[in-house]
Amino acid sequence: MIHPPSDDQLFPAPDKGYATSGVHTSYRTELVKKPHDVVDEDWAGGVPPQYGVAPRIRVGRDKWFNLLWLIPIGLVLLVAGIAVAKGLRELPGVQEFIAQYPGESELPAGAPVGFPAWLGWQHFLNAFFMIFIIRSGVTILADHPRLYLTRHSTPGKDWFRMQKPVPADPLYTAKMDSLTLPDGVGLPGRRHSIGLARWWHLGIDTLWLLNGLVFFVLIFVTGQWMRLVPMSWDVIPHSISVAIQYLSLDWPLDNGWVNYNSLQLIAYFLTVFVAAPLALITGLGMSPALSTRFRWISSIFSIQVARSLHFAVLCWFVMFIIVHVSLVFATGALRNLNHMYAGRDDESWVGFWVFAASLVVMIVAWVAATPLTYRFPRKVQKVGYALIGPAQKLFEHIDAKPGQYTEKDISPYFWHNGKYPETEEYQKLRDGDFADYKLRINGLVENPVELDLAQLRALAHHEQITQHFCIQGWSGVAKWGGVSMSTILDLVKPKPEAKWVIFYSFALGPDGGIYYDAQSMEQMRYPLTMLAYEMNDEDLSFGHGAPLRLRNEVQLGFKMVKWIKGVEFVEHFDEIGGGHGGYNNDHEFFGYRQSI
Ligand SMILES: Nc1nc2c(c(=O)[nH]1)N[C@H]1C(S)=C(S)[C@@H](COP(=O)(O)O)O[C@H]1N2
Ligand SMILES: [Mo]
């Protein structure tokens, strides 16, 4: 099984090229080192822009409702609502009801009056962070512009899309499906810029959550929470009354300095105590590491349910922001702005000017964010990693064992992704049914080997039914058959210095040079880390990585190199390729720890 030392082993070939085959020859020379440090026209292999269609939701089997229709429909409903509310207010019964429930639920004794300065600051920071969270979030959505309710991500079963239906081409990839967003909308916006969008999203999320944590502590310490939590069921009649008053265009006279009206109270309560925590929970619901660890939760609360709910939270926040800002300006702008921005309850211009200055800051940051990201993508990656890295690292050490599914969970459709191998080297092997295929395993190991498929198949067989999470957002369950990485490790015996394992592909990446990925040694011993040569009980197909691919279920899909030709054990990956720990890390600013 194990080859005796060959000439190549005794006299290692110079580190020059793949022509000199031999177990000691590294595939490093086939990587490109191009200092890919700006985002320019060559981005992602020069992928041309592709704009989507207006967002639509599915009705019934295959009818789609264009959401732009909601604008005229909403306007008609608004006009009708105003007419109805005006009519209602003529009725004596309704007048009595409004007199009895003018719009404000009573505050508990001791509730604070007015707004402290910290609240103003937190309010500003919250709004500021939201800009980047929402823009980068939409960019992430545009990378797989469909939403589903089951983890299967089956074409035609999406309930929402802003892309055309999936074409019939069986090798159509998720990357082909990704969309461009206008620069000012998306962050960054260019097609398939999800790597950078994620640093923005997850990095700013961390700051937003910290700000939120401080907020929660302070509202409970200072009693401000009493102004945000409904204390009596009469908020319901009060809020109905307020709704009628708003709609009839004869607005309630309330004073937010002391007490919010009940409709406002409910909106704030839902935003602070429901939407914000839900944003975090549904965000974590998409993590491959957590979903693998808590498979029983993930079976129901699947990544796609989480993703759909995460989108619903986005819609809530966007609607909230629009309505909230409109009402602040429509109901005594100067006084309202003084409340939040100047901590005073009068009609001076102080609050307005503070607000105007904060608006300038937000606009400048908004306009600058995308161009700066294109100019300094590595900085964005670095800062993003500094912010979210510690949490990602935590989740990385999570137990992978529970992450198995059963036969009946296997997805009817499993998306393809990545760039297919087109090299002559691969084509020849494929034409010969991989009879000449050899997996070369070398580097910092006691026992470097070359294994053909028969030898791989002779090793202990390992199977797992697991869920795949593509960074772009689709997912699917499949059964993988092959060799556990533990078996490989026992065979090659890594030296103690070996800390990272590099997987090299036959396929080139979109920017040239072969696709590769660096994985931590620790994860190689995980029970769900394997080299697969079978998928759903058949030989691995061309599209899914024939003859051999990696599975590591606590990570995202891009780490699972397909069409593997070599494995190298190294001390650190900074010598390999661009030095960032993988093809996508070098070229598309992904991270090498992506447990979220
Ligand atoms: N060689 C190579 N391997 C690759 C890729 C690639 O582009 N080249 N894409 C990755 C990505 S982004 C994903 S999601 C999975 C997709 O695997 P599948 O096509 O079997 O679904 O393969 C990964 N392995
Ligand atoms: Mo992916």
Side-chain angles (χ1 to χ4, degrees), residues 27 30-32 44-45 47 140 143-144 146 151-155 166 169-178 192-195 197-198 286 288 303 307 410-423 425-426 429-430 439 466-482 502-519 530-536 538-553 555-567 577 582-592 594:
Y27 289 110
E30 292 174 62
L31 304 171
V32 284
V47 57
I140 293 170
D143 227 49
H144 189 69
R146 308 174 187 280
R151 67 182 88 84
H152 298 311
S153 309
T154 313
V166 174
D169 173 7
L171 287 180
Y172 183 69
T173 66
K175 268 179 200 161
M176 295 175 188
D177 210 45
S178 65
H192 196 47
S193 55
I194 191 169
R198 277 173 58 101
M286 292 183 267
I303 166 181
R307 200 165 165 259
I410 293 175
S411 299
Y413 181 93
F414 201 96
W415 279 78
H416 284 101
N417 218 356
K419 189 171 159 58
Y420 295 110
E422 288 157 354
T423 58
E425 178 195 17
Y426 181 80
L429 289 172
R430 191 182 172 203
L439 171 71
T466 48
Q467 181 171 197
H468 178 97
F469 297 81
C470 174
I471 194 169
Q472 295 184 262
W474 58 271
S475 55
V477 174
K479 178 176 181 180
W480 305 97
I502 317 292
F503 294 83
Y504 298 101
S505 178
F506 286 107
L508 303 185
D511 293 304
I514 61 174
Y515 193 92
Y516 80 101
D517 195 76
Q519 310 253 338
M530 67 177 295
L531 293 173
Y533 47 73
E534 287 165 356
M535 179 184 186
N536 298 334
E538 286 174 24
D539 283 353
L540 198 57
S541 67
F542 162 72
H544 290 299
L548 197 67
R549 72 166 309 160
L550 180 65
R551 300 297 316 165
N552 170 3
E553 310 297 354
Q555 294 275 359
L556 287 167
F558 74 89
K559 311 280 297 174
M560 305 190 203
V561 179
K562 300 193 285 186
W563 311 291
I564 294 177
K565 64 175 170 186
V567 180
Y583 196 90
N584 289 300
N585 317 41
D586 291 348
H587 295 261
E588 291 174 8
F589 310 102
F590 289 16
Y592 61 89
Q594 300 274 244

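Order of appearance sets the numbers: ligands from 1, and atoms from 1 within every ligand.
Residue contact annotation: Lys559 has no non-hydrogen atom under 4.0 Å from ligand 1.
No N or O atom of Lys175 sits closer than 3.5 Å to an N or O atom of ligand 1. Taking distance alone, with nitrogen or oxygen atoms compared against 3.5 Å, Trp415 approaches ligand 1 more closely than that limit. For ligand 1, the polar-atom distance check finds no N/O of Phe558 at less than 3.5 Å from any of the ligand's N/O atoms. Where the criterion is an N or O separation shorter than 3.5 Å, residue side chain and backbone included, His544 meets it with respect to ligand 1. Annotation: Trp563 places no N or O atom under 3.5 Å from an N or O atom of ligand 1; distance criterion only.
For ligand 1 and Val561, the ligand atoms under 4.0 Å from any heavy atom of the residue are 3 (N), 24 (N). In summary, the atoms of ligand 1 found under 4.0 Å from a heavy atom of Lys419, numbered by their order in the structure, are 6 (C), 7 (O). Taking every non-hydrogen atom of Met560 and a distance limit under 4.0 Å, the qualifying atoms of ligand 1 come out as 22 (O), 23 (C), 24 (N). Close contacts of ligand 1 with Cys470, meaning ligand atoms under 4.0 Å from a residue heavy atom, involve 14 (S). The distance from ligand 1 to the heavy atoms of Phe414 drops below 4.0 Å at these ligand atoms: 21 (O).
Every residue meeting the side-chain hydrogen bond (donor to acceptor under 3.5 Å, both in side chains) condition with Gln472, not counting sequence neighbours, appears here in chain and number order: Asp143, Asn417.
Within the 4.5 Å cutoff, the side chain of Asn585 has heavy atoms near those of the Phe558 side chain. At a threshold of 4.5 Å between non-hydrogen side-chain atoms, the residues Tyr583 and Leu31 do not count as touching. With a 4.5 Å cut-off on side-chain heavy atoms, Phe590 and Lys559 do not count as touching. At least one side-chain heavy atom of Leu550 sits less than 4.5 Å from a side-chain heavy atom of Leu531.
Nearest protein neighbour of atom 6 (C) of ligand 1, counting heavy atoms only, is Tyr515 CE1, 3.4 Å. Of the protein's non-hydrogen atoms, the one nearest atom 15 (C) of ligand 1 is Gly557 O, 3.6 Å.
For Phe414 and Trp474, the gap between ring centers is short of 6.0 Å.
Here His468 has side-chain heavy atoms under 4.0 Å from ligand 1, and that is the only part of it that gets that close. By the criterion of a heavy-atom distance under 4.0 Å, neither the backbone nor the side chain of Tyr583 is placed next to ligand 1. At a heavy-atom cutoff of 4.0 Å, ligand 1 is contacted by no atom of Trp480, backbone or side chain.
Just one of Lys479, Arg551, Glu553 meets the side chain to side chain donor-acceptor pair (under 3.5 Å) condition when paired with Thr466; it is Glu553. Considering Trp563, Tyr533, Phe506, Phe503 as possible partners of Leu548, the one that fulfils the side-chain contact (heavy atoms from CB on, under 4.5 Å) test is Tyr533.
Side chain of Ser153 to backbone of Ser475: a donor-acceptor contact under 3.5 angstrom is found.
Between the side chains of Tyr515 and Asn584, at least one donor-acceptor pair of N or O atoms lies under 3.5 Å.
With distances taken over non-hydrogen atoms, the option nearest atom 3 (N) of ligand 1 out of His416, Lys562, Arg549, Arg551 is Lys562.
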